2 protein chains.
Amino acid sequence: MSEHVHSDEGDALLKDASLRITKPRQAIARVLVDAEDHPDAEQVWSRARENDPSVSQATAYRTLAVLAEKGLLRTHTFDGSATRYELAERPHHDHLIDVETGEVREFVSREIERLQARVAEEHGYEIIAHRLELYCRKAG
Amino acid sequence: MSEHVHSDEGDALLKDASLRITKPRQAIARVLVDAEDHPDAEQVWSRARENDPSVSQATAYRTLAVLAEKGLLRTHTFDGSATRYELAERPHHDHLIDVETGEVREFVSREIERLQARVAEEHGYEIIAHRLELYCRKAG
DNA sequence: ATAGTTGCAAACGTTTTGCAATGGG
DNA sequence: CCCATTGCAAAACGTTTGCAACTAT
């Protein structure tokens, strides 16, 4: 059931950001909700156009920017390439990047997080956010 | 003594990269050796021009690219902004970024490193490189 | 001599923005 | 109705590159 429900989750995302519900934004929001990878703006735009071919690049970038700014999306910039996006509502995790294939795996380590907090504390800081990326190769 | 020695360290850096010693590259290399922060390409270029005003932007970018590629420089891309550089010969460390002032502090945690290696291992990988950034605010 | 290096300016890929037209609340 | 939002095209940004002149080796 529910082939294409009224894209509830996507609309919820937009509402959470206090954005007006418009067709272009719905197309974009659905892409983000459905995404199982970490698409960049161009990919989000391209996928959104499959839902609504009239969506412009500008709207894709603008919507991503607002959602990220309001904390509903998380952004990543692996190395120096295009910014990639993912839903922030997903549980926090860090990334393990296979440098040969580009595959991205997610992981969490409570122990590492705890040590990070301690490091910040030792410097007189508290952590707002962090980013941990392991660039790896399959163990031989 | 040694007001402006023949920029030994800078030349050494270039030699290590098997680059010909030229005036523009010497100007750039000295900037990198002297840098106590994490300058981006534009900053390196601008500082290099203080030594030799004729250094072009292209040469700055080209030299940084080669040095980074040959492993003599490490690169960072905090958030989505311009790539920043630092000497790789310096002991490895991670970064704590003050989100209010932009100040960057360095730290190392052997414990965190060990846990990272373990995470990679659990996934069947070995770490080539990693990046850990703590975005922090001064503790209230 | 000659291959590596340079500055210039144009091109690049990604992202942002001014604008007049459109459309949601 | 009115202001947020849109698409378009131009611009901005950081970075790369083709080329003819130059220079370290």
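Not measured: the values here are computed from a predicted model.
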Checking ring-ring contact (aromatic ring centres under 6.0 Å, His included) for the pair H95(A)/F78(A): CA distance, chi angles, key distance, verdict? CA-CA 10 Å; H95(A) 296 100; F78(A) 302 128; 5.4 Å; yes

By side chain to side chain donor-acceptor pair (under 3.5 Å), which residues pair with D94(A), not counting sequence neighbours?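 For D94(A), the residues satisfying side chain to side chain donor-acceptor pair (under 3.5 Å) (neighbours in sequence not counted) are H130(A).
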
With D52(A) via side chain to side chain donor-acceptor pair (under 3.5 Å) - residues at least two apart: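 Scan of D52(A) (side chain to side chain donor-acceptor pair (under 3.5 Å), adjacent residues dropped) gives S54(A).
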
Would you find a donor on one side and an acceptor on the other, under 3.5 Å apart, between the side chain of R84(A) and the backbone of H38(A)?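 Side chain of R84(A) to backbone of H38(A), a donor-acceptor pair under 3.5 Å: yes, one is there.
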
Give a yes or no answer on whether the side chain of R105(B) reaches the backbone of I97(B) with a donor-acceptor pair at less than 3.5 Å.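 Flag not set: sc R105(B) to bb I97(B) has no pair under 3.5 Å.
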
Return a table of donor-acceptor pairs under 3.5 angstrom between the side chains of residues 63-77 of chain B and protein atoms on other chains or two or more places apart.
from, atom 1, to, atom 2, distance (Å)
T63(B), OG1, T59(B), O, 2.7
K70(B), NZ, A17(B), O, 3.1
R74(B), NH1, E86(B), OE2, 3.1
R74(B), NH2, A88(B), O, 3.1
R74(B), NH2, R90(B), O, 2.9
H76(B), NE2, E86(B), OE2, 2.7
T77(B), OG1, D79(A), O, 3.2

End axis versus end axis in the helix from dA1(C)-dT25(D) to dG25(C)-dC1(D), the angle rounded to 10°, five pairs used at each terminus: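 Computed from the C1' atoms at both ends, the axes differ by 30°.
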
For [X] and [N], give me the distance from atom [atom1] to atom [atom2], rounded to whole Å.
{"X": "L14(B)", "N": "dG4(C)", "atom1": "CG", "atom2": "P", "result": "17 Å"}
{"X": "D52(A)", "N": "dG23(C)", "atom1": "CG", "atom2": "P", "result": "12 Å"}
{"X": "L64(B)", "N": "dT5(C)", "atom1": "CG", "atom2": "C1'", "result": "15 Å"}
{"X": "W45(A)", "N": "dT16(C)", "atom1": "CH2", "atom2": "C1'", "result": "14 Å"}
{"X": "Q26(B)", "N": "dG4(C)", "atom1": "CD", "atom2": "P", "result": "19 Å"}

List the steps and the verdict of salt bridge (Lys or Arg N to Asp or Glu O under 4.0 Å) for E100(A) and R137(A). CA-CA 7 Å; E100(A) 248 124 46; R137(A) 173 195 302 141; 3.7 Å; yes

B/S/- along nucleotides 15-25 of chain D (protein heavy atoms under 4.0 Å) is BBBB-----BS

Are R25(A) and dG24(C) close enough that a side-chain N or O sits under 4.0 Å from OP1 or OP2?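 For dG24(C), OP1/OP2 do not have a side-chain N/O of R25(A) under 4.0 Å.
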
Could you work out, with side-chain contact (heavy atoms from CB on, under 4.5 Å) as the rule, every residue matching R114(A), not counting sequence neighbours?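 In terms of side-chain contact (heavy atoms from CB on, under 4.5 Å), with neighbours along the sequence ignored, R114(A) is linked to E111(A), R118(A).
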
